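Comments concern the structure below.
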Amino acid sequence: MPHDAADRIDTRLIHHGYRPPEGFEAPQPPVHKASTVLFPNVAAMRARRWQDKSGYTYGLHGTPTTFVLEERLATLEGGRHCLLVPSGLAAITTTALALLGQGDEMLLPDNVYGPSKAFAQGLLARYGVRFGYYDPLDVRDLAGKLTDATRLVWLEAPGSVTMEFPDLPGLVRACRARGVATALDNTWGAGLAFAPFDLLGDGSLGVDVSVHALTKYPSGGGDVLMGSIVTRDPALHERLQRGHMHLGLGVGANDAEAVLRALPSLALRYRAQDVAARALARWLAQQPAVAQVLHPALPGAPGHAHWRDLCGAAHGGDGAAAGLFSVVIDARHAGARVDAFCDALRLFRLGYSWGGPTSLVMPYDLPAMGPRATPHLAAGTVVRFAAGLEGLDDLRADLAQAMHSVFGS
Ligand SMILES: *Cc1c(COP(=O)(O)O)cnc(C)c1O
């Protein structure tokens with residue numbers, strides 16, 4: 001083949017007259033992959049702004065695929081603006097890095113998601129941001145710890161692992177009274193159990209920022225890592241967006257499409273895993289080896305009344321909850337036997353995360369997770385369960401066989 005003909009083919013393979021198929025308006029958005037976005041001319045390039053969605057500038061600042069996902073997630077959470085990040089943890093760290101500076105103070109609930117503590121103690125402390133913990137079950141404790149330097153208060157409902165459900169409206173009100181911004185880790189609520197930007201249902205009270213580990217329910221497959229940062233306030237969104245841009249964060253198009261594909265079944269999966277988890281939690285509460293069940297929807301659980309106030313009206317009065325709960329295995333069973341119980345389970349697999357099809361179990365060593373007063377918890381070892389989508393009878397039988405073989409009852 002002559003040299004110039006090969007060059008022409010190379011060129012034509014790039015500059016061919018591709019047009020999307022006419023009339024192909026599929027409901028599912030396509031996967032758009034791009035770093036470079038081409039401009040028709042210099043004037044059009046200069047006119048485009050990376051900050052808004054009126055046009056495209058560069059893949060990192062958004063594609064049609066990520067814009068659609070952002071809009072749907074903002075809708076899900078009742079917000080107006082959304083930023084996508086590569087993990088739930090990145091949603092937490094990006095929010096803090098974008099909103100805080102040297103000398104500022106951040107407060108965390110003492111039952112907060114563990115890696116949030118590590119971030120505060122590590123990178124943030126090194127950058128001169130101070131932090132402290134408050135008792136999420138005591139609004140007055142938080143109110144008393146807010147200072148003129150406090151710029152951000154994290155909220156989690158319920159807390160990770162020990163599942164205490166706080167008085168979320170009370171905590172937000174205390175922060176509002178001092179003009180302190182609130183950020184909720186809304187992974188458990190998923191935008192379904194309650195409305196983070198409208199906690200009282202009358203539009204009068206809400207959090208300022210809602211972050212969400214899309215890794216859990218929105219992905220639903222146990223196969224995607226992603227996070228979102230949703231806000232209502234345009235000025236706050238702009239600060240977060242600038243931080244997000246400075247940090248160079250983006251998500252892959254195939255991952256965004258996987259979440260888009262799973263979103264339509266989100267509410268169905270959330271409900272199914274809620275029903276299964278509550279049935280399993282009630283069954284476990286009857287077992288002699290179990291000293292306490294920590295499920296916010298079950299009477300007697302720490303903060304149950306707060307859960308009922310916020311989430312109790314959903315689903316015809318059954319209320320809404322994620323398919324996640326913990327139990328305390330009685331202290332008379334030593335830690336090694338609790339490990340043996342987790343190992344004896346066959347359908348509940350040992351692994352982190354939740355919200356996927358596979359039921360999961362994880363034992364936790366609370367003392368190793370940091371000093372904290374827990375008078376509301378029974379003595380023993382905490383084990384967390386996440387209901388998957390297996391048959392409920394099979395899951396219950398699995399718990400029964402492991403209980404019987406290890407604890408003898
Ligand atoms: C899983 C989880 C995160 C972090 O999400 P990743 O995508 O795993 O980084 C944050 N907060 C809560 C409450 C979580 O359960």
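As a basis for the values below, the full set of heavy atoms in this structure was taken, side chains included, without hydrogen atoms, waters or symmetry mates. What you see is a predicted model, and the numbers here were worked out from it, not measured in a lab. All ligand and atom numbering here is 1-based and tracks the order in the structure.
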Does the residue Trp188 have a heavy-atom contact with ligand 1, meaning some pair of atoms that are separated by less than 4.0 Å?
no

Would you name the heavy atoms of His244 and Val85 that are closest together and state the gap between them?
CD2-CG1, 3.5 Å

Check ligand 1 against Leu89 and write out every atom of the ligand that is under 4.0 Å from a heavy-atom position of the residue.
4 (C), 5 (O), 6 (P), 9 (O)

Can Lys145 be said to sit on top of Tyr133's aromatic six-ring, NZ or CZ under 6.0 Å from centre and within 45° of the ring axis?
no

If you measure only the distance, is there a donor-acceptor pair under 3.5 Å linking the side chains of Arg48 and Ser54?
no

Asp185 versus ligand 1: do any nitrogen or oxygen atoms come within less than 3.5 Å of each other?
yes

What are the atoms of ligand 1, with element, lying closer than 4.0 Å to any heavy atom of Trp354?
15 (O)

Check ligand 1 against Thr215 and write out every atom of the ligand that is under 4.0 Å from a heavy-atom position of the residue.
6 (P), 7 (O)

Determine the minimum heavy-atom distance between Leu240 and Thr95, stating which atoms define it.
CD2-CA, 3.8 Å

Using a strict cut-off of 4.0 Å, indicate which atoms of ligand 1 neighbour a heavy atom of Gly88.
4 (C), 5 (O), 6 (P), 7 (O), 9 (O)

Relative to the heavy atoms of Lys216, which atoms of ligand 1 are at a distance of less than 4.0 Å?
1 (C), 2 (C), 3 (C), 14 (C), 15 (O)

Quick check on contacts: which atoms of ligand 1 are under 4.0 angstrom from a heavy atom of Glu156?
13 (C)

Identify the protein heavy atom lying closest to atom 4 (C) of ligand 1, giving its residue, its atom name and the separation to 0.1 Å.
Tyr113 OH, 3.3 Å

With a 4.0 Å cut-off on N to O distance, would you call Asp398 and Arg346 a salt bridge?
no

For Gly250 and Pro86, the nearest pair of non-hydrogen atoms, with its separation, is O-CG, 3.6 Å

On a heavy-atom basis, which atom in Lys53 and which in Cys82 lie closest, and how many Å separate them?
NZ-O, 4.4 Å

